[in-house]
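Report on the following structure.
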Amino acid sequence: MKLDQAYFEKNLPTPDPAFETRALRKLRQQAQPQRRRLPMGTALVLGMLLMLTLATALAIGLTYSKDFQHRKTAREAVMEKYQLTEDVFAVLSESISKDGDTDIFTYAYEGVPAIGVYTVEQKDNRILSVSWSHDNDKLGWGQKEIEAMLMRNRTVYASSPLPESNLDEKEMLRLAKETLAENAALDELARQNGQDPQRYNQGLPTANEIQLERALNIAHEALSIEYGIALESFKAGETDCYFYISDTRQWHFWAFPIQREFDESYWITLDAMDGTILNMGHDAGGNG
């Protein structure tokens, strides 16, 4: 099988409209203050910083929800059985359903039948079965084909990473607080004018909930440990911050660490009351 441009034009749908969101984000980021480069030698110690992060994980006191642990177990079962890397697995969308006491996780990529659907049946965090819709044929795309698609998408959209912000942590925190307050005020105004509270659902934490600085530290620490990226890389990059108040009160962060080959981003959701990690994920920078 020759994975050339003609092959992908024949087998892939038109680029996912979600890529437009990435392009708009880049335009917004380009309008922000000029970013500075890491001092010479900093990159050489990122690996050491990562080791320190891992060594202090227990001291940080990160707490993971059972739901997140179940999701992680399911994802790892698929990656292990079908030899998929984190970047390749990140192109798949996750759906969860229940059959009695059994949780059913499915992973698919809309519009590309060759990728198929992966299914995991799990009960009490114990894997019952792991399967793929192409288990019994030779039509499915595996690691090599999906990775080639990912690289094509990255090339098409020239998704190179941005360097770090030129603002120090204190200034970035101040700007994040201002943005949170503005978003909360706008959504409150929308709700008062009869707009859907499930859509206009941003607010601010109460005094009894964890505040932005602590929530951001938890998010960066957890993402650093989960994805093996130095903590300094997250702190020096950009992180978009949101506080949701609809069904459950949650912190949500999109992080763009420096020192990446492509425009990868990482997201995480925390319980607003105690910082419990509810879920996290990875956009591989070319999956739409």
Side-chain angles (χ1 to χ4, degrees), residues 16-33 35 60-68 71 93-96 162 164-223 226 234-257 263 265-283 288:
D16 193 314
F19 277 118
E20 295 180 11
T21 301
R22 184 185 305 284
L24 291 173
R25 180 184 294 279
K26 282 186 174 297
L27 289 175
R28 175 177 62 79
Q29 290 171 324
Q30 288 168 5
Q32 291 179 349
R35 294 164 173 257
I60 296 165
L62 298 179
T63 304
Y64 299 85
S65 68
K66 288 184 178 180
D67 179 65
F68 171 75
R71 288 170 181 248
S93 297
E94 177 188 71
S95 297
I96 306 175
L162 293 170
E164 66 194 287
S165 171
N166 66 332
L167 305 176
D168 60 28
E169 289 186 37
K170 184 177 180 180
E171 181 65 10
M172 286 194 289
L173 185 64
R174 184 188 67 80
L175 292 175
K177 289 180 177 178
E178 288 184 358
T179 302
L180 281 173
E182 291 171 0
N183 290 341
L186 289 171
D187 278 15
E188 174 62 25
L189 182 62
R191 292 191 296 270
Q192 290 176 0
N193 282 276
Q195 298 298 318
D196 183 2
Q198 295 297 316
R199 179 179 180 183
Y200 296 92
N201 60 349
Q202 293 195 59
L204 293 172
T206 66
N208 294 326
E209 295 170 325
I210 61 173
Q211 301 302 300
L212 174 60
E213 185 172 8
R214 182 185 169 201
L216 196 56
N217 285 336
I218 292 173
H220 286 162
E221 297 279 6
L223 290 171
E226 181 70 18
F234 281 107
K235 289 186 176 295
E238 177 184 337
T239 301
D240 295 340
C241 310
Y242 307 90
F243 189 87
Y244 294 123
I245 61 173
S246 51
D247 295 331
T248 57
R249 298 176 66 85
Q250 300 175 350
W251 282 104
H252 186 84
F253 300 98
W254 273 96
F256 302 82
D263 189 24
S265 59
Y266 301 81
W267 59 267
I268 185 169
T269 304
L270 310 177
D271 184 282
M273 185 59 67
D274 58 10
T276 295
I277 297 158
L278 303 177
N279 202 6
M280 69 175 82
H282 171 211
D283 180 333

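Note: hydrogens, waters and symmetry copies are ignored here, and every other heavy atom, side chains too, is used.
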Ring centroid separation Tyr266 to Phe256 under 6.0 Å: no

Side chains of residues 267-280: which donor-acceptor partners sit under 3.5 Å, not counting sequence neighbours?
{"residue": "Thr269", "atom": "OG1", "partner": "His252", "partner atom": "ND1", "Å": "2.8"}
{"residue": "Asp271", "atom": "OD1", "partner": "Met273", "partner atom": "N", "Å": "2.8"}
{"residue": "Asp271", "atom": "OD1", "partner": "Asp274", "partner atom": "N", "Å": "3.4"}
{"residue": "Asp274", "atom": "OD1", "partner": "Thr276", "partner atom": "N", "Å": "3.0"}
{"residue": "Asp274", "atom": "OD1", "partner": "Thr276", "partner atom": "OG1", "Å": "2.9"}
{"residue": "Asp274", "atom": "OD2", "partner": "Thr276", "partner atom": "OG1", "Å": "3.2"}

To the nearest 0.5 angstrom, please state how far the [atom1] atom of [X] sits from the [atom2] atom of [Y].
{"X": "Arg249", "Y": "Thr206", "atom1": "CZ", "atom2": "OG1", "value": "5.5 Å"}
{"X": "Arg71", "Y": "Lys66", "atom1": "CZ", "atom2": "NZ", "value": "16.0 Å"}
{"X": "Arg174", "Y": "Glu171", "atom1": "CZ", "atom2": "CD", "value": "4.0 Å"}
{"X": "Leu216", "Y": "Met172", "atom1": "CG", "atom2": "CE", "value": "8.5 Å"}
{"X": "Gln250", "Y": "Thr248", "atom1": "CD", "atom2": "OG1", "value": "3.5 Å"}
{"X": "Asp187", "Y": "Tyr242", "atom1": "CG", "atom2": "OH", "value": "11.5 Å"}

Evaluate Glu209 against Phe243 for side chain to side chain contact (heavy atoms under 4.5 Å, CB included), listing each step before the verdict. CA-CA 11 Å; Glu209 295 170 325; Phe243 189 87; 3.4 Å; yes

Tell me if a side-chain donor or acceptor on [X] pairs with a main-chain N or O of [Y] at a distance below 3.5 Å.
{"X": "Glu226", "Y": "Glu221", "answer": "no"}
{"X": "Asn201", "Y": "Pro197", "answer": "no"}
{"X": "Gln202", "Y": "Tyr200", "answer": "no"}
{"X": "Arg191", "Y": "Leu186", "answer": "no"}

Between Thr179 and Cys241, is any pair of side-chain heavy atoms under 4.5 Å apart? no

Which atoms form the tightest heavy-atom contact between Ala255 and Thr239, and what is the distance? CB-OG1, 3.8 Å

Do you know which two heavy atoms are closest between Ala215 and Ile210, and how far apart they sit? CB-CD1, 3.9 Å

Report, as yes or no, whether the 6.0 Å neighbourhood of atom CD on Gln195 holds more than 12 heavy atoms from other residues, nucleotides or ligands. yes

Does Trp251 form a side chain to side chain contact (heavy atoms under 4.5 Å, CB included) with Leu212? I'd like the steps, not just the answer. CA-CA 8 Å; Trp251 282 104; Leu212 174 60; 3.7 Å; yes

